Amino acid sequence: CHRCPGIGQFLIQSDPIGMALSKLPILGPIRAQLVDAARREVDALVGPQVEGFLGSYSAAAAESAVSYLLAEDNSPKLRAARRQLASKLLNRPLCKLVAPTAREITRDRPRSPEITRDHP
């Protein structure tokens, strides 16, 4: 289903007999039509429920994260985590923290032997 591609992909990959049938010349196109029709039906039946579940789950997860971050009891843990992050960032070379420019990418790209021979 287009709203929940992971579920559709799982259903397709978990069907070894169907995968084998899809490679057969006559049965393959028929199976493809049946899979498309089934995908549309599943999307129509389950799609809104999946969207509702994921929407409410995401909202609940965000609310839980905010509550955790704002809780006074977690302040020492968060402070320690910020210090640890800052320490890791300061221990890295600056070139690892900043994205390279297009010129640097082009300059550092391996060159083919013909180009290297003609233009050292």
Side-chain angles (χ1 to χ4, degrees):
C1 76
H2 77 277
R3 295 178 190 166
C4 43
I7 294 172
Q9 190 65 27
F10 170 76
L11 292 174
I12 290 170
Q13 290 181 345
S14 64
D15 181 17
I17 295 171
M19 294 300 288
L21 289 176
S22 68
K23 295 178 182 174
L24 297 175
I26 295 173
L27 296 176
I30 294 171
R31 180 182 181 274
Q33 290 177 350
L34 290 173
V35 168
D36 287 342
R39 188 175 293 142
R40 284 192 301 274
E41 286 299 316
V42 167
D43 189 29
L45 294 172
V46 183
Q49 293 174 347
V50 169
E51 284 181 351
F53 168 76
L54 292 176
S56 64
Y57 182 78
S58 297
E63 187 176 320
S64 176
V66 168
S67 296
Y68 178 82
L69 292 172
L70 296 178
E72 197 65 36
D73 295 344
N74 295 325
S75 183
K77 294 178 200 173
L78 295 172
R79 190 176 313 114
R82 285 192 303 267
R83 285 183 181 151
Q84 185 179 15
L85 174 63
S87 174
K88 285 183 178 183
L89 290 175
L90 291 172
N91 286 329
R92 284 186 165 178
L94 186 58
C95 65
K96 297 285 185 183
L97 299 174
V98 179
T101 64
R103 183 180 181 137
E104 291 170 326
I105 292 170
T106 304
R107 181 193 68 207
D108 296 338
R109 186 178 350 170
R111 300 170 79 183
S112 68
E114 295 81 25
I115 294 174
T116 307
R117 191 174 344 111
D118 295 340
H119 304 284

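Keep in mind that what you see is a predicted model, and the values were worked out from it rather than measured. One-based numbering along the sequence shown.
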**Study point:** All salt bridge (Lys or Arg N to Asp or Glu O under 4.0 Å) counterparts of Asp73, not counting sequence neighbours
**Key:**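 Not a single residue meets the salt bridge (Lys or Arg N to Asp or Glu O under 4.0 Å) criterion with Asp73.
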Throw together a table of side-chain donor-acceptor distances under 3.5 angstrom for residues 53-60, partners on residues two or more places apart or in other chains.
from  : atom 1 : to    : atom 2 : distance (Å)
Ser56 : OG     : Gly52 : O      : 3.2
Ser56 : OG     : Phe53 : O      : 3.0
Ser58 : OG     : Leu54 : O      : 2.8

Review point. Which residues, ordered by chain and number, are linked to Leu90 in its hydrophobic cluster, where ILVMFWY side chains connect at heavy-atom gaps below 4.5 Å, directly or through other members?
Key: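 None; Leu90 is a cluster of one.
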Exercise for review: Please name all residues satisfying side-chain contact (heavy atoms from CB on, under 4.5 Å) with Arg92, sequence neighbours left out, ordered by chain then number.
Suggested key: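 With sequence neighbours excluded, Arg92 shows a side-chain contact (heavy atoms from CB on, under 4.5 Å) to Leu97, given in chain and number order.
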Determine all donor-acceptor pairs shorter than 3.5 Å in which one atom belongs to a side chain in residues 74-87; sequence neighbours excluded.
from  : atom 1 : to    : atom 2 : distance (Å)
Asn74 : ND2    : Tyr68 : O      : 2.9
Ser75 : OG     : Arg79 : NH2    : 3.3

